[in-house]
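Just below is one structure, and these are the notes that go with it.
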Amino acid sequence: MPVVQTREVAVDQEEQFDALMVEWEKEADELKCHIYVLVQGAKDADGASWCGDCVTAEPVIFAALAQLKEDVMLVECPVGRNKYKGIECADGACYLNKGSKHPYKTHKELGLTAVPTLFRWAKGKAVSKLVEGHCSDPAAVAAFFQNESALPAVRTPGCPRSSLRTAECEAVLGAGVLNLIVLVLS
């Protein structure tokens with residue numbers, strides 16, 4: 001039975017995330033385990049998340065983790081609905097601030113486009129990811145954990161590898177056109 005070490009990080013700045021990941025990556029190296037980062041909707045006091053896909057994905061992800069034969073470290077990154085969506089509230093009124101960006105959306109490695117997103121982290125980088133509804137697909141999650149090296153980099157025709165993260169390519173990938181999105185970022 002694997003040991004799943006869980007860490008939770010809620011940050012307001014990219015630098016906070018980076019500093020914690022450096023620390024935890026050293027610890028994972030000592031323990032000889034892989035690091036995964038799960039960005040999902042924050043939970044309220046009753047344990048309910050605002051993110052429907054996250055509610056569906058969480059038990060699938062944790063069931064797949066329990067099936068692993070190796071120890072892993074899972075870094076959970078809860079994101080609040082309003083901050084993630086750029087909604088600001090003051091004096092009883094809320095409005096959408098289109099210029100507001102969550103730090104995980106602007107982070108050079110995470111480049112978050114949807115929640116939940118599950119990343120594999122190695123050597124200071126997100127080396128692969130599973131996005132949104134694909135996180136609730138048991139076969140996709142199991143394959144992601146068990147044999148990532150066998151999964152190809154998925155890209156849309158016309159999107160060269162070097163431009164996987166361009167807005168045009170992200171728009172197509174984010175539209176759910178593909179059955180399985182596992183991006184190998186280099």
Side-chain angles (χ1 to χ4, degrees), residues 4-25 27-28 34-66 72-122 124-138 140-141 144-145 164-165 167 170-171 173-176 181-183 185:
V4 177
Q5 296 198 20
T6 305
R7 308 285 189 275
E8 185 170 314
V9 57
V11 301
D12 293 321
Q13 298 175 352
E14 295 174 36
E15 296 80 18
Q16 291 173 308
F17 176 83
D18 292 339
L20 289 169
M21 289 306 294
V22 166
E23 178 183 321
W24 291 335
E25 196 164 0
E27 185 178 338
H34 294 294
I35 298 179
Y36 294 94
V37 176
L38 176 60
V39 182
Q40 62 181 343
K43 297 176 182 174
D44 63 18
D46 295 326
S49 174
W50 60 266
C51 169
D53 285 338
C54 300
V55 170
T56 304
E58 186 174 303
V60 173
I61 291 168
F62 280 91
L65 283 168
V72 298
M73 182 182 293
L74 179 67
V75 177
E76 294 186 83
C77 303
V79 294
R81 179 184 176 275
N82 287 356
K83 184 161 184 155
Y84 176 73
K85 294 187 176 273
I87 298 170
E88 296 183 13
C89 299
D91 300 324
C94 295
Y95 65 95
L96 179 61
N97 180 350
K98 292 186 180 188
S100 175
K101 292 285 187 182
H102 192 282
Y104 296 146
K105 288 183 177 183
T106 58
H107 191 277
K108 65 182 182 204
E109 285 301 321
L110 299 178
L112 190 67
T113 58
V115 290
T117 299
L118 181 63
F119 297 91
R120 180 167 182 187
W121 194 266
K125 297 183 179 211
V127 294
S128 57
K129 67 181 177 180
L130 200 60
V131 182
E132 206 168 16
H134 303 288
C135 290
S136 59
D137 177 344
V141 173
F144 183 79
F145 283 131
L164 268 176
R165 296 178 82 175
E170 285 283 78
L173 291 172
I181 298 177
V182 178
L183 300 177
L185 306 174

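We count residues from 1, following the sequence as given.
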Only one of Val79, Asp44, Asn82 passes side-chain contact (heavy atoms from CB on, under 4.5 Å) with Trp50, and that residue is Val79
Apply side-chain contact (heavy atoms from CB on, under 4.5 Å) to residues Phe119 and Val39 and explain how you reach the verdict. CA-CA 8 Å; Phe119 297 91; Val39 182; 3.9 Å; yes
Shortest non-hydrogen pair, Pro138 vs Val60, comes out as CA-CG1, 3.7 Å
Heavy-atom nearest pair, Gln40 first then Pro116, reads CB-CB, 4.3 Å
One should read off an interatomic distance between Phe144 CZ and Lys129 NZ, to the nearest 0.5 angstrom, of 10.5 Å
Exercise for review: Verify, without hydrogens or angle tests, whether Thr117 (side chain) and Thr113 (backbone) share a donor-acceptor contact under 3.5 angstrom.
Suggested key: no
Output for pair (Cys94 SG, Lys85 NZ), nearest 0.5 Å, gives 13.5 Å
When rounded to the nearest 0.5 Å, the distance separating CD of Glu76 from CG of Leu38 is 6.0 Å
d(Tyr95 OH, Cys89 SG) to nearest 0.5 Å is 9.0 Å
Open item on the list: Below 30° counts as parallel, above 60° as perpendicular, anything between as tilted: where do the rings of His107 and Phe17 land?
Closed with: perpendicular
query = Got Glu132 and Cys51 here, is their nearest side-chain heavy-atom distance under 4.5 Å?
reply = no
query: Are Tyr84 and Val115 close enough, and set up right, to give a side-chain contact (heavy atoms from CB on, under 4.5 Å), and what steps lead you there?
result: CA-CA 9 Å; Tyr84 176 73; Val115 290; 4.0 Å; yes
For Val131 and Ala114, the nearest pair of non-hydrogen atoms, with its separation, is CG1-CB, 4.0 Å
Check your understanding: Heavy-atom distance under 4.5 Å between the side chains of Ile87 and Asn97, does that happen here?
Key -> no
Rounding to 0.5 Å, atoms CG (Leu110) and NE2 (His102) come to a distance of 10.5 Å
Answer whether the closest heavy-atom distance between the side chains of Leu118 and Val37 falls below 4.5 Å. no
Check your understanding: How about Lys43 and Glu58: do any of their side-chain heavy atoms sit closer than 4.5 Å?
Key -> yes
Subject >> Centroid-centroid distance, Tyr36 to Phe145, less than 6.0 Å >> reply: yes
Heavy-atom nearest pair, Gly124 first then Glu109, reads O-CG, 3.8 Å
Taken to the nearest 0.5 Å, the spacing of Asp137 CG from Leu130 CG works out to 8.0 Å
Closest non-hydrogen atoms of Trp24 and Ile35, given as atom of the first, atom of the second and distance, are O-CD1, 3.8 Å
Salt bridge present between Glu25 and Lys125 (N-O < 4.0 angstrom):
no
Of all heavy-atom pairs linking Cys54 and Ser49, the shortest is CB-OG, 4.1 Å
